[in-house]
There are 2 protein chains.
Amino acid sequence: MSQVQEEPKVAKDTKEKILRAAMDLMALYGYKGASVRKIAKAVGIRESAIYNHFKNKEEIFKTILASLFTTPFDDFFENHPPEKDAIEGKNYLMKFAATIKELSFDARNEKLFRIIMLEIMQSDEVRKQFLKYFFDENIKKLSTAFFVMMQHALIRSGDPILMAQEFFAPLFYYRLEITLFRMDERPTHSLSSIFEKHVDFFWEGIAL
Amino acid sequence: MSQVQEEPKVAKDTKEKILRAAMDLMALYGYKGASVRKIAKAVGIRESAIYNHFKNKEEIFKTILASLFTTPFDDFFENHPPEKDAIEGKNYLMKFAATIKELSFDARNEKLFRIIMLEIMQSDEVRKQFLKYFFDENIKKLSTAFFVMMQHALIRSGDPILMAQEFFAPLFYYRLEITLFRMDERPTHSLSSIFEKHVDFFWEGIAL
DNA sequence: CAGCTATGTTAACAAGCGTTCTTTTTAAGG
DNA sequence: CCTTAAAAAGAACGCTTGTTAACATAGCTG
């Protein structure tokens, strides 16, 4: 019995340690700056031991990438399908902004965002995924929400996609600002209410 | 006669060639990826000859940086001081957006923007300058414009700084989108009218 | 023309990189 | 206890990196 957990315990442990260390270092120094030796040292093993767990450095990065773009937004739209919940109007937008805000102040998501920003101009894969999530899918879902709001005469009519971009862009902008502030250890508490302010301002501009 | 151009001709020539080559390569591969040897090869000299013109690689980068953040926005606000011209209302915003649009489709500025985005998480100096220009100064000037518009009852009242951020963020977002699209050789002509659309949408939200 | 300075080449350095090979250590199962 | 396989260490490889030193070659200035 116990056929379920057949895998070697320690191995999986260090494999995850490697991924965690690699993620930390890449979030700090980028793909190139996070050398195999530095990663190994952070884990507490020799660099050659890394190759017992990963084919090469790129595979480490690929593995991290795979976890990079999962769930952050999918989760929201699954729990709050625009077709149904967008009726809430401003409240729906507030919930969305609150999600972004949460992510902005979450340590793990901060690391992921850093890696994305560090490699977005270098890695085709990162850029592809970024465009897919941050521009295409996200905007598409949000535009559905605005379309629904228009149908229910909650907001003025117009191009839902443009509206979605206009709504999302400042959120992205503030999120980037927080990350950059934090890198210089500048305080970010003044930015903590900016997401709500954005929704207030935006809603006032579109509400009927 | 011709007393004007007293300086050594060839020297300044190659020094500028080095800067240009370094800028090209750094815009493509980042600071680390643009090795001294690659730069030298692009210029057509040996890597050691570089050190006749610059103390080290970092000095090359610093020199480029110094030219990075000059004038793009300063020019606009000098030619269109918000205290005087913001009376134009929507037209003023349209002019500002047009400037961003121009920069987005200008080859040289594209390179500068790439370098900024590539090094913003790595170089303290780049980040500092970026925050100064793209967030602080820019927003401050724009907020003056909105303040003037409020005084003249062209737009609804509110926090001018928030309004400036809300106006600028989508411009930045679209500009980033264009750069990313172009890296994948995706067409950007569909984005050429987005700046005007943004102004239209935004103005409708704040106009009285 | 001699000499100086600027600019270039050639060669080399120490260090770091990703990766591979061989050997040793560790842990588990029959 | 012995076998076996996994995981780690150690050493080395070929390569690239930034930088320096020694030397050559111009071109201008006296």
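If you're wondering where the values come from, they're calculated on a predicted model, not measured in any experiment. Atoms considered below: every heavy atom in the structure, side chains included; atoms not considered: hydrogens, waters and symmetry mates. Lettering follows sequence order; numbering is per chain, from 1.
- Not counting sequence neighbours, the partners of K128(A) by the salt bridge (charged side-chain N to carboxylate O under 4.0 Å, His left out) test are E125(A).
- Here dA7(D) presents its C1' atom at 10 Å from CD1 of I18(A), a figure rounded to the nearest Å.
- Atom C1' of nucleotide dG8(C) and atom NZ of K15(B) are separated by 16 Å, given to the nearest angstrom.
- The OH-C1' distance, from Y29(A) to dG16(C), rounds to 16 Å in whole Å.
- In this structure, CD1 of I45(A) is placed 18 Å from P of dT25(C), rounded to the nearest angstrom.
- Residues satisfying the salt bridge (charged side-chain N to carboxylate O under 4.0 Å, His left out) criterion with K101(B), sequence neighbours excluded, are E196(B).
- For a distance-only test at 3.5 Å, the side chain of N52(A) fails to qualify as a donor-acceptor partner of the base of dA6(D).
- In this structure, F135(A) has its ring center under 6.0 Å from that of F130(A).
- Contacts of K95(B) classified as side-chain hydrogen bond (donor to acceptor under 3.5 Å, both in side chains), with partners at least two apart in sequence or in another chain: E88(B).
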Nucleotide-resolved protein contact map, nucleotides 10-22 of chain D, B/S/- at heavy-atom distance under 4.0 Å: B-B----BBBBB-
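- Between H53(A) and dA8(D) there is a side-chain N or O to OP1 or OP2 distance below 4.0 Å.
- In this structure, the CD1 atom of I50(A) is 11 Å from the C1' atom of dG18(C), given to the nearest Å.
- Applying the side-chain hydrogen bond (donor to acceptor under 3.5 Å, both in side chains) test to D24(A) and every residue at least two apart in sequence or in another chain returns K111(A).
- Here R182(B) pairs with E110(B) under the salt bridge (charged side-chain N to carboxylate O under 4.0 Å, His left out) rule; sequence neighbours left out.
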